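Beneath this line is the structure, given in structure tokens, with notes to follow.
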Amino acid sequence: MERPSIIRKTASDLYAIPNWTDYEKERQQFSWDGARQALQGLPDGGLNMGFEAVDRHANGALRDHIALRFVAHTAAPLELSFAQLQRETNRFANVLQQLGVVKGDHLFVLAGRIPELYISVLGALKNGTVVTPMFSAFGPEPIATRIQLGAGQVLVTTDLLYKRKVKQIREQMPSLRYVLLVAEDGGRTNEPATLDLRQLMDSASDIFSTVSTMPEDPALLHFTSGTTGAPKAAIHVHGAVIAHYATGQYALDLHPQDRYWCTADPGWVTGTSYGIIAPLLHGVTSLIDREEFDAERWYRLLEEERISVWYTAPTAIRMLMKYGATLAQQHGRPALRFIASVGEPLNPEAVWWGKEVLGLPIHDNWWQTETGGIMIANTPAFDIKPGSMGRPVPGIEAMIVERLEHEGELPRVRIIDSPDVDGELALKAGWPSMFRGYLNNEARYQKCFSDGLYLTGDLARRDADGYFWFVGRADDVIKSSGHLIGPFEVENALMEHPAVAEAGVIGKPDPVIGEVVKAFVLLKDGYAGDEILRMDILAHARKRLGAVVAPKEIVFVATMPRTRSGKIMRRLLKARELGLPEGDTSTLEGSA
Ligand code: AMP
């Protein structure tokens, strides 16, 4: 279906008075120092992420406002007000103090989305202890690798996860001084060489004075999700909280009366920055669903929980699209006013589907583990061009650059001023949530920068209106007959075909033309992957893209390899295609 290239915002699209409406003016007026004024800070220039998220509200007007609401299949909903969250996080911080766990020590959490995960992350931050939440579905190997790399001193996990995944590898993690267990049945544990967290919490004081941390002190250690290679540990500091606050305001349009749902797990940076910190900073009520994706359940939650702001991922949206409009129409969305998405390119089809089926366009935004917060976004302040990642948020300067050939170790680049040219996306370094290093890998960190610019490793283009368009990860780009082809462009065209639910596109080495474009296609329910359909999809792609860019080969697949954060692992599609080693697959969905 032919649609216009822009979704114009009208008054009826703006259900609440948006936090901002004038993009240029806000960017001109904005400064990071000014943004910091919205936060309280600690004496002598200190700043603490946990304090700003919890105590600032617990000590003020929002003390009895619900901060976190947990829902699960098997348990009754559980709510924690800001005041209760303050008491629980204080207890946890006091437990750490009693154990001699101090500022700068490293704590890992391995748990499903249970209250103790949130309490231990926030409590550790208040204690100045550096935190890493891990995906609870990780198997023993990725757990050991991460704890070894991060020299973790404390692990918070559940009794069942400990027995299944940690006990047998405990010797491989000599840095681990304490394992704190939460019994999944709500009772007590007495596992040798571990401590029972609830028991320790029960006897700990609920009064705690936040440890004095400075903006440059490390707060979080996030492992990159590794769509392209081995995981690296990005160091983030307490000062990142300024960016979490500002982007919660600009890109997610959070208002204190919102009921907000971020579907990401804290094992992925999105689930921490925007699943824990940013909503608390804005004093909103956050829904935390313990369960995995289930289309019917998700629609029910949007309806019954009266979610007003929803932050999710392209995979989830594509899955909902796969289930069709009827299911969506069986449920109301009485409070929903803003939808945002991150993690992968959001196909224009998906943005339109939001508008047409959910009644709201989906606001794509772009960032990475390394950037610590949203950098480029579609926001309430301007029209959406479906397929674009939007424009840089206030405080962020983004540009397109070209890497220059030269002898030295460190990269050299040239800024491309003209619009509509593909190149590498770069950001002017210095925003508060920028990573401050890869743990134990300074050389790799240095290679990310050139002349004060952070080089993202993503290819993109900027149009004349300042909107950025994702082309692909630099490593995923296909070189065919002298053309550079971004897999996203091809995937978008395939997604327009009515039978296609998802597509992953790679370059397959070819002696004549360099690489041929090959597509892996997951069909919607009710379509049979036969030769007629294959030819039809090929014909559609050729019509849309032309013979050079259209895939030469299409194969139908029953599942798409994805990371736990929902990204299609094109690297893995390629390795499997070529019979090469699969490399690090610890973040592959379904692996354990
Ligand atoms: P991670 O650090 O695991 O969150 O992965 C970051 C990478 O995900 C980016 O470098 C992009 O390649 C991709 N990504 C994230 N958001 C988007 C988006 N909105 N559009 C396109 N790619 C995205």
Side-chain angles (χ1 to χ4, degrees), residues 40-59 67-68 80 82-111 114-134 147 150-158 162 173-183 188-191 193-221 235-239 241 266 272 276-277 280:
Q40 191 177 329
L42 297 175
D44 305 320
L47 190 60
N48 182 283
M49 211 178 253
F51 177 87
E52 298 298 334
V54 181
D55 298 72
R56 191 166 50 95
H57 297 306
N59 298 337
L68 302 175
L80 290 175
F82 278 95
Q84 287 167 318
L85 191 58
Q86 180 182 44
R87 287 199 290 275
E88 294 302 309
T89 50
N90 283 352
R91 283 203 175 95
F92 185 82
N94 278 320
V95 167
L96 294 183
Q97 289 275 319
Q98 279 157 22
L99 297 174
V101 178
V102 295
K103 181 172 162 180
D105 285 347
H106 286 181
L107 178 143
F108 284 70
V109 188
L110 177 78
I114 56 174
E116 287 79 1
L117 159 58
Y118 296 78
I119 291 165
S120 41
V121 168
L122 292 161
L125 288 171
K126 283 165 57 168
N127 192 48
T129 302
V130 182
V131 202
T132 304
M134 291 186 284
I147 294 181
Q153 281 109 339
V154 187
L155 172 67
V156 175
T157 185
T158 71
Y162 180 74
M173 302 176 288
S175 61
L176 214 49
R177 282 157 54 204
Y178 299 106
V179 175
L180 310 181
L181 293 189
V182 180
R188 296 278 187 246
T189 69
N190 56 1
E191 188 61 37
T194 69
L195 297 168
D196 183 278
L197 180 59
R198 287 204 183 97
Q199 193 171 349
L200 293 172
M201 296 264 292
D202 281 352
S203 51
S205 160
D206 62 7
I207 297 168
F208 182 78
S209 178
T210 300
V211 167
S212 170
T213 49
M214 297 309 279
E216 286 301 309
D217 284 336
L220 293 156
L221 197 59
I235 303 164
H236 288 284
V237 296
H238 280 276
V241 70
T272 303
I276 306 180
I277 308 296
L280 292 175

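Starting from 1, each residue takes its place in the sequence as its number. What you are looking at is a predicted structure, and each value in this text was computed from that prediction instead of being measured.
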Asp202, CG atom: more than 12 neighbouring heavy atoms under 6.0 Å = yes
Is the CG atom of Asn59 crowded by more than 12 outside heavy atoms at less than 6.0 Å?
-> yes
Tell me the closest heavy-atom pair linking [X] and [Y], and the distance in Å.
{"X": "Ala111", "Y": "Thr158", "answer": "CB-CG2, 4.3 Å"}
{"X": "Gly41", "Y": "Phe51", "answer": "O-CE2, 4.0 Å"}
{"X": "Pro215", "Y": "Gly45", "answer": "CD-O, 3.4 Å"}
{"X": "Leu80", "Y": "Leu85", "answer": "CD1-CD1, 3.9 Å"}
{"X": "Ile119", "Y": "Glu88", "answer": "CG2-O, 3.6 Å"}
{"X": "Ala58", "Y": "Gln86", "answer": "CB-OE1, 3.4 Å"}

For Asn90 and Lys126, does a side-chain donor sit closer than 3.5 Å to a side-chain acceptor?
->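 Per modelled atom types, Asn90 and Lys126 side chains form a pair under 3.5 Å.
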Would you say the side chains of Asp105 and Thr129 form a donor-acceptor pair under 3.5 Å?
->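 Not at all, the side chains of Asp105 and Thr129 share no donor-acceptor pair under 3.5 Å.
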Please answer whether the main-chain N or O of [Y] pairs with a side-chain N or O of [X] as donor and acceptor at a distance below 3.5 Å.
{"X": "Gln153", "Y": "Tyr178", "answer": "no"}
{"X": "His57", "Y": "Phe82", "answer": "no"}
{"X": "Ser175", "Y": "Gly152", "answer": "yes"}
{"X": "Asp196", "Y": "Thr189", "answer": "yes"}
{"X": "Gln40", "Y": "Glu52", "answer": "no"}
{"X": "Thr213", "Y": "Leu47", "answer": "yes"}

What's the separation between atom [atom1] in [X] and atom [atom2] in [Y], rounded to the nearest 0.5 Å?
{"X": "Leu220", "Y": "Ile276", "atom1": "CG", "atom2": "CD1", "value": "8.5 Å"}
{"X": "Met134", "Y": "Leu117", "atom1": "CE", "atom2": "CG", "value": "11.0 Å"}
{"X": "Ile235", "Y": "Asp217", "atom1": "CD1", "atom2": "CG", "value": "12.0 Å"}
{"X": "Ile277", "Y": "Leu122", "atom1": "CD1", "atom2": "CG", "value": "5.5 Å"}
{"X": "Arg91", "Y": "Leu96", "atom1": "CZ", "atom2": "CG", "value": "14.5 Å"}
{"X": "Leu200", "Y": "Leu181", "atom1": "CG", "atom2": "CG", "value": "10.5 Å"}

With side-chain contact (heavy atoms from CB on, under 4.5 Å) as the test, would you mind laying out the steps for Met49 and Thr272 before giving the verdict?
-> CA-CA 12 Å; Met49 211 178 253; Thr272 303; over 6 Å; no
Would His238 and Leu125 count as a side-chain contact (heavy atoms from CB on, under 4.5 Å) if you check the C-alpha gap in whole Å, the side-chain angles of each, and the deciding distance to 0.1 Å?
-> CA-CA 8 Å; His238 280 276; Leu125 288 171; 4.0 Å; yes
Of all residues at least two apart in sequence or in a different chain, which pass the side chain to side chain donor-acceptor pair (under 3.5 Å) check with Arg198?
-> Glu116
Contacts of Val156 meeting side chain to side chain contact (heavy atoms under 4.5 Å, CB included) (sequence neighbours excluded), chain-then-number -> Phe92, Leu107, Val109, Ser120, Leu180, Leu197
For residues Asp55 and Asn48, determine if any side-chain heavy atom of one lies less than 4.5 Å from a side-chain heavy atom of the other.
-> no
Chi angles and distances behind the side-chain contact (heavy atoms from CB on, under 4.5 Å) call for Thr89, Phe208 | CA-CA 9 Å; Thr89 50; Phe208 182 78; over 6 Å; no
Show your working on side-chain contact (heavy atoms from CB on, under 4.5 Å) between Leu280 and Leu68 and close with a plain yes or no.
-> CA-CA 8 Å; Leu280 292 175; Leu68 302 175; 4.0 Å; yes
